[in-house]
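Scope of the values below: all heavy atoms of this structure, side chains included, with no hydrogens, waters or symmetry mates. Whatever order the structure lists ligands and atoms in, that order sets their numbers, starting from 1.
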Amino acid sequence: MKDKLIIFDTTLRDGEQSPGASMTREEKLRIARQLERMRVDVIEAGFPAASNGDFESVKAVADAVRDSTVCGLARALERDIDRAGEALKGASSSRIHTFIATSPIHMEKKLRMSPDQVLEQAVKAVKWARKWTDNVEFSPEDAGRSDPDFLCRILEAVIDAGASTLNIPDTVGYNLPQQFGHLIATLRERIPNADKAVFSVHCHNDLGLAVANSLSAVLNGARQVECTINGLGERAGNASLEEVVMAVRTRQDVFGCDTQIDTTQIVPASRLVASITGFAVQPNKAIVGANAFAHESGIHQDGVLKHRETYEIMRAEDVGWSANKMVMGKHSGRNAFKTRLAELGIELPSEDALNGAFARFKELADKKHEIFDEDLQALVSDEAAALEQEQFRLVSLKVCSETGETPHAIVVVAVNGAEKQAEADGGGPVDAAFKAIDSIVRSGAELQLYSVNNITSGTDAQGEVTVRLSKGGRIVNGQGSDTDIVIASAKSYLHALNKLHSKLERAHPQV
Ligand code: KIV
Ligand code: ZN
């Protein structure tokens, strides 16, 4: 019997800490449902003390998810822990994850606390968390740069205080695989009560080593990996869930453990997260990149045709790549639409939302004969964006683009319900549309990123546009999709502007 490797997904918490990746409650719920379908063991749904919005999101996930444990992050402070405990009350299985920094640089410069004070606060926090749940995880932040002797001391004390998972974070992505594996082996050997807890790892990707470090830790006895879909996360991101899971699954000859992940749900999860956050997946990304299973060279193609295993170590269908399936068309009814959404795990919050999404579906089906699952995901994202408290809404857009002429856009935007019209010239049709919108909104925001991706193939495919804006230190992403990419662009620009104006304030866990 192999050990079980626990998969702890932190896309909704650390993943959301990527600049611009913030998600609404509904978006988090959609991702959480997909993670549950993928049979993730623990979903870290957020940091409830960060803001009321974070609290509500964690609560919504805890209330909705039944088959995975739902976890909330809390600094080693009673008020943070109480906030997490409150948010998790409705969960069928809950975990509180509390942390405090243990590296000399963090204790001295950030916390201004002595190691003894840190140890005392950690023990107090774990005991406090145990009042809410017997499933408590403790992380010594920046463990990768902490003194192993001090780690042994604090970890032994928090196990005695009631922590059942010890998570060892390489917070700044500084470690090398052999060194990190050795740290895990040392801790397991030297902590006298180590057998009373599961060792977990949480690696950041600053040197591109997050997955390698996590796997090295697993080879040295770690039995939980914290990871994110598409490797999303603070700075260069976290270990990517799909890479960790498929490495362990593919190399069962080496690993003494396996996960319970339904790997066929990996690609749908990757697409969902990319579409919600606007963080597109690079084509050559392992497992979920568009080229991950594409063989270009003649020699490879010939080999694969003769015997698949000559060049393929995994089967594309095992990770959820399937030929685009035409799922619906112009004549599909509301019931079929609702059923397909349910099969995709999409629950719309109300009948009105369902009617809105169905109207969008009919409009799309008029323009595009074949509607794929990816189209349905995109139109639900559009409907969800429209349901948010929108200050700005696109009413109409007309763009003239002609060889030898300057592109010109005329736009009507509803601002808090009152329609305003503006027009502008631009270097191209998108530029003209953005300038016309900006002359109404006057946001003063800086455009950091504009990208267009086709949702499915063919020239009648919907384009999905991501716009990233920054203003006064805040960064937001907006998305929009349409078969007309200029309209998709205008929608995504307004989506980002709405987020920028929502004035959401939240604390950062590491601060
Ligand atoms: O990177 C880190 O140290 C974290 C902790 C909160 C676990 O995200
Ligand atoms: Zn982290």
Q: Examine ligand 1 and decide if any of its atoms is less than 4.0 Å from a heavy atom belonging to E234.
A: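 No heavy atom of E234 comes that close to ligand 1.
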Q. Which value, rounded to 10°, describes the NE2(H202)-the Zn ion (ligand 2)-OD2(D14) angle?
A.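 With the Zn ion (ligand 2) as the vertex, NE2 (H202) and OD2 (D14) sit 90° apart.
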(Q) Is the terminal nitrogen or CZ of R468 (NZ for Lys, CZ for Arg) located under 6.0 angstrom from the six-membered ring centre of F279 and within 45° of that ring's axis? (A)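 Yes, cation above the ring, under 6.0 Å and within 45°.
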**Q.** Salt bridge D116-R153, side-chain N to carboxylate O under 4.0 Å
**A.**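 Yes, this pair counts.
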Q) Salt bridge or not for R271 and E464, using N-O below 4.0 Å? A)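 No, this pair does not count.
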Examine [X] against ligand 1 and note whether any of their N/O atoms are separated by less than 3.5 Å.
X	answer
E141	no
D14	yes
R13	yes
H204	yes
T171	yes

Q) Do the ring planes of Y450 and F434 sit parallel (below 30°), tilted (30 to 60°) or perpendicular (above 60°)? A)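 Aromatic pair Y450/F434 classed perpendicular.
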(Q) At under 4.0 Å between heavy atoms, is it the side chain or the backbone of E226 that contacts ligand 1, or both, or neither? (A)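 For E226, there is no contact with ligand 1 at all, from either part.
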**Q.** atom 4 (C) of ligand 1: the protein heavy-atom neighbour that sits closest, reported with distance to 0.1 Å
**A.**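 Heavy-atom neighbour on the protein nearest atom 4 (C) of ligand 1: Q510 NE2, 3.3 Å.
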**Q.** Exercise: do E26 and T24 side chains pair donor with acceptor under 3.5 Å
**A.**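 The answer is no; no qualifying pair exists.
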Q.
Quick one about Q34 and Q265 (side-chain donor to acceptor, distance below 3.5 Å, no hydrogens or angles considered), yes or no?
A.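 Yes, because at least one side-chain N or O of Q265 sits under 3.5 Å from a partner of the opposite role on Q34.
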